[in-house]
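Here's the structure we're looking at; comments come further down.
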Amino acid sequence: MEMPQVKQGHHLCVLCIYTFFYVWIGAMENRSQYLLCIHCNPYKYLSDLNDLDEHLRNIHADLKSLNCGHCKKSILYRRSLIRHIQNFHIFNRPQQSREVASSSNSEVSVAQGSNLQVKRGEETNQSCLSCLHCAQCTNHSSVVDLKNHLSAFHDGLSSYKCGQCRKDFLHKTSLVRHIESHIKQNKDGVSVDSSDEHSSASDGVNNDGGTFDMEDAGVAAGNINPDSEDISTIPPQPALNMQEEIAMFLLKLRASGNLTNTSIQMIIDNVSILLQNIMLKAKEDTKTFLNSTEVPPENAQNFLSSIFHCNDMFNGLKSIEDQLDFYCERFGLVVPEELFLDTRVENRFDRKWRMFLPKQVSETFQYVSLIQTLTLIVRNDYFRKLILSEEKSSDGVYRSYKDGTDFANNRFLRKYPYALRIVLYYDGLEIANALGSKDVIHALGCFYISIQNLPPEESSLLSSIFLLALCHAIDLKKPGAFKKVLTMFISELKRLQTDEGVEIDLRNGHKFIIRACLVVLTTDTLAAHEVLGFFISSGADKFCRVCLISKKDFMEDTTAIGIRRTQATHERHVQEVEQRPAAARLYGVKERSALFEVMRVPEDSVFDVFHDCVGVIQMLIKLSLYEYVMVRKFFSIRKFNENINLFIIGKPDAKNRPSANLIRMKLYSAGHTLKQYGSQTFCLLRMFPFLISGVNENNKHLQLIFLLQDIMKIGLLNRFGREFHELFISPARDNENDDGDNEEGEDDDNSEEEDDDNDEEDGDPDEPAPNRRRGWTSKKLKKGINKLHHLMHYAEQIREKGPIIRHWCARCEGRHRILRKHSAVQCNFKNPPKTMARMFQLSTLSAFLARNSPHADKVNLSGAVSVSVRHSSYTALLSDVGFQEDDFINIVESAQVCGEEYQSGLFVMLKQEGSVQPVFAVIVDVIANTSEPTQVFLVVDKCRNITLSANYNAYRIPNQFEETHVLVNVKSLANHRPIAPWCPIDSKDNMEFYLSPRTVTV
């Protein structure tokens, strides 16, 4: 190819055959391909490497990693990125440019009389990175680019040819390994003479003068550029602290919960010996090499002594006590403190007398300092930023505690709105080691705390729940035991709940004042009554801890709410009980709570939506099955179990499939419980209408199931609009005048449930939420349950404390998993709380140190196929959201974002401005951004003619979709949980299906 004629005053681009009149325009062709900063928005082009270096140093100095504008490779240091561009992109010319350079050895006249020489060199790496299967042979900058190119454009070929030796391979992976061996050979065989380096440096002209001096094009990719900076100017890598690395290694072993202390000690001993042997071998090899050179023996010995240390690298980390001290000093671990509780007499085996003798033993518990735990949280830059950025909702939507009336009425929080809001949780736990010497069950009492200031996606993580105290559950049965356990907690909380607060050092030269207050106690009913000093048996007349309703009033009207308990009335009841103990059963109060000094008792306690709804759901399902199976005989219990097994539940709910373990005797037995876990119970409630056959939609039991579904869909929302809050107020009040007509012969033992007083017709497409139905109310309940009454207080508690889902106990019970896991391998049966508290703190520290970025940024992809935007099927859609045609994307089989997995065939709920009807769409493809892995897009088709079915209380989706695709970001969905399509068990129509979302939209 001939060199184009360059007119006088024009300039030739060194990378292509185009000429430009102005010098800065000619440089644009260079910088548009290689000197692009993709960290700017919009992208910024730089004129040369010096400008790019200065731009990165001044604008993006805080970035932890930098990306190349050409190949998107992530590089740690700025100077390493500059060398990468010099080595891999400036010298790796496009094929057309190399042909121009090779066809002319003459000088080209350019502006200001400068000379530009273009030489042809050895291009071994570039030839092996060529694709011979394209019509015009294309070259690629790296093996990864070539592999992506083959996957996108030449997938399925019978053989693949190497661009250098023309050897054929059956698989792409074999070709890639072959090319890597070529590059390694080329790299090892190319060397640069020092004399040539100095001569080229002296003959070159500075870029500021407008002249480029290029070395031979045969310099292999990956070698050091001869014109690059001296190696002494390369920024040093961060020093490797071996003791800290070994400490992190041991921390991960401890946090796994799979190894006993003896096993970890064995690992320490053997790894220590192994490292010493490796160090001695490396020292001997280095000594042999230095002896073969001209290095003086004295210098060689000094070098060996300074580099190779044969000391024990586990020194100071041998025992668990040494490790705890190291983690406490280096990472801020809060070590549990053992405190005295009381004494008791036990029969202990006496080895001298060989018999069991009574012995007085001390009762202790493990306490984790509240101030030190909050210090660990605040010192984390990421958490501190989240806490200080929390704001109150401005659109009238309840999103957090800040949007409730309790926050507005709290003087301390009004004065210090960014004070830490603490949530306290208590629950019992049973642990056992079946393979140990003592297989008895140990009952523990667990106190946890969490910080309410964090956003929902962070506070929902189990690692956001911290241990406060751990003790034997039997020790808490004594009078005043809760007060003794919580004494230190109350003392520290009083210090934090002052104007002075507690000042801490952030370890970056700054001070920070921590202020905090206890705002909520969340736990199940039994544990809440124990902590707050209420009567825990069913014999109390005033059984509710929020209002003063009596059992008689509850039996007569299950929708009734008694007079609200306040802190003042509760104190009067406590004083009367102290003077007259017989009044305990009347008021339901047993003693003054230990938390009386730091919170409003009982106003600051919330009902647990998890335990309450599980109890009510199981009660109602059991009564409905009794009616359908035993009375009406619509189907048998065996048929119902078969339907559970045959029902296609879909991947989002596969882990929550109910157990098909129902028997007829269970329907006859006393009580309202079923042998189902909590998550299985919620799933069974949604599935129930699809599992039964022959039941009319107007059946009163089925109407109660529908009503409870509607309550659950609203109660599990993490944000509330004003209209949804009103749905909880006074359900079924209008039905009281119906006299509970028992026209179908229902017995009085059928349970009633909260009903909504909405007479609107089922299936109204303009209704924003599932229709509120006129439920059926029986005249009396032979035996009501307290959890049924708790639902009546949800509207009031949402108005005061925000969404109740932010306080449910399922997260805290999930935190028990760490203790159960460690209990299976621990051998301390005399004092299990001591070992369990230590292991819990180590596991929490391991997870806490890894949390330095939003949880929403944690994305897991599977089955990714890389393709350019230009050659994808969604070029126009991707261009509308900012993608360039040369950008690469990953089309994946599934993507897991915030714990939810998205894949084709599932449905999602879209946001629709100005519409109260939910908008559903089916996922066609899942796309991930290669340059921003946290960006996940869904290609969806919107559904048509959506209606609410009165038979299943679910949205009927006909097999009709919009013709045009829509691209949506996962983070912009109205409901982040995907939905699987469901079909009735006896359905024969495959042209329609139903969607039953777990929650409704705001």
Side-chain angles (χ1 to χ4, degrees), residues 72 74 151 252 255-256 382 386 454-465 648-657 679-680 682-683 686 716 718 805 810-811 814-815 817-818 843 846-867 872 874 878 881 883 888-911 920-941 966-982 995-999:
K72 308 299 188 297
S74 179
S151 300
K252 292 179 181 178
S256 66
Y382 172 65
L386 290 178
L454 301 176
E457 59 271 13
E458 295 294 337
S459 61
S460 61
L461 298 178
L462 296 183
S463 56
S464 297
I465 301 174
I648 303 176
I649 196 171
K651 193 169 184 179
D653 297 294
K655 295 182 179 180
N656 302 327
R657 176 185 287 275
S679 57
Q680 291 178 313
F682 288 119
C683 189
R686 295 165 53 215
L716 296 181
N718 57 7
I805 191 65
R811 297 186 305 111
R815 200 61 168 145
R817 179 177 177 270
I818 295 179
S843 300
S846 178
F848 187 80
L849 294 177
R851 293 182 61 183
N852 52 9
S853 61
H855 177 60
D857 293 344
K858 306 297 189 300
V859 178
N860 296 325
L861 307 177
S862 62
V865 177
S866 181
V867 63
S872 69
Y874 314 109
L878 293 170
V881 295
F883 283 90
F888 275 84
I889 59 173
N890 286 328
I891 300 180
V892 300
E893 294 180 0
S894 64
Q896 192 175 29
V897 183
C898 291
E900 298 294 340
E901 188 172 358
Y902 301 88
Q903 64 181 17
S904 59
L906 298 179
F907 287 75
V908 291
M909 190 183 298
L910 306 181
K911 288 183 179 179
F920 296 99
V922 61
I923 301 176
V924 179
D925 262 324
V926 183
I927 298 176
N929 191 349
T930 55
S931 59
E932 291 290 339
T934 60
Q935 285 188 353
V936 177
F937 297 90
L938 305 177
V939 180
V940 300
D941 290 342
V966 178
L967 187 69
V968 296
N969 195 317
V970 169
K971 297 180 181 179
S972 64
L973 295 175
N975 192 328
H976 68 279
R977 288 174 173 169
I979 311 169
W982 286 357
L995 299 180
S996 179
R998 283 174 274 189
T999 58

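These numbers come from a predicted model, not from an experiment.
Summarising the geometry, atom NZ belonging to K651 is positioned 8.5 Å from atom CG belonging to L906; distances are rounded to the nearest 0.5 Å. Note that OG of S464 and CZ of F848 are 8.5 Å apart. Values are rounded to the nearest 0.5 Å. Within the model, atoms CG of N975 and CZ of F907 stand 15.0 Å from one another, a figure rounded to the nearest 0.5 Å. To the nearest 0.5 Å, the span separating CG on L716 from OG1 on T999 amounts to 7.5 Å. Summarising the geometry, atom CG belonging to N890 is positioned 5.0 Å from atom OG belonging to S866; distances are rounded to the nearest 0.5 Å. Annotation: the span from E458 atom CD to Y382 atom OH amounts to 3.5 Å, rounded to 0.5 Å.
Evaluation of the side chain to side chain contact (heavy atoms under 4.5 Å, CB included) rule for A810 yields F610, W808 as partners, not counting sequence neighbours. Scanning for salt bridge (charged side-chain N to carboxylate O under 4.0 Å, His left out) contacts around E900 gives R977, with sequence neighbours left out. Residues satisfying the side-chain hydrogen bond (donor to acceptor under 3.5 Å, both in side chains) test with S894, not counting sequence neighbours, are S862, E901. Taking P456 as the reference, R806 meet the side chain to side chain contact (heavy atoms under 4.5 Å, CB included) condition, with sequence neighbours excluded. Partners of Q896 by side chain to side chain contact (heavy atoms under 4.5 Å, CB included), not counting sequence neighbours, listed by chain and number: N860. For R815, there are no salt bridge (charged side-chain N to carboxylate O under 4.0 Å, His left out) partners two or more places apart in sequence or in a different chain. A search for side-chain hydrogen bond (donor to acceptor under 3.5 Å, both in side chains) contacts involving D653 returns R686, not counting sequence neighbours. In terms of the salt bridge (charged side-chain N to carboxylate O under 4.0 Å, His left out) criterion, D925 has no residue partners (sequence neighbours excluded). Remark: K252 pairs with no residue by the salt bridge (charged side-chain N to carboxylate O under 4.0 Å, His left out) rule, at least two apart or across chains. Every residue was checked against the side-chain hydrogen bond (donor to acceptor under 3.5 Å, both in side chains) condition with Q903, not counting sequence neighbours, and none meets it. Residues meeting the ring pair (Phe, Tyr, Trp, His ring centres under 6.0 Å) test with Y902, sequence neighbours left out: none. Residues forming a side chain to side chain contact (heavy atoms under 4.5 Å, CB included) with V924 (at least two apart in sequence, or on another chain): Y874, V939, D941, H965.
Between P652 and A980, the closest heavy-atom pair is CD-CB, 3.9 Å. Across all non-hydrogen atoms, the minimal contact from L462 to G814 is CD1-O, 3.8 Å. The minimum heavy-atom distance linking K911 with L973 is given by the pair CE-O, 3.7 Å. Pairing each heavy atom of P978 with each of R998, the nearest pair is O-NH2, 4.2 Å. Across all non-hydrogen atoms, the minimal contact from R811 to S459 is NH1-O, 2.5 Å.
A donor-acceptor contact shorter than 3.5 Å links the side chain of N969 to the backbone of K971. Checking side-chain atoms of S463 against main-chain N and O of A847 turns up no donor-acceptor pair under 3.5 Å.
Between W982 and the options L995, I649, I648, a side chain to side chain contact (heavy atoms under 4.5 Å, CB included) holds for only I649.
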>> Applying side chain to side chain contact (heavy atoms under 4.5 Å, CB included) to F937 and I889, what does each step give before you reach the verdict?
In response: CA-CA 10 Å; F937 297 90; I889 59 173; over 6 Å; no
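Put simply, the side chain of L967 does not reach to within 4.5 Å of the side chain of L938, judged on heavy atoms. The shortest distance between side-chain heavy atoms of I927 and S872 does not fall below 4.5 Å.
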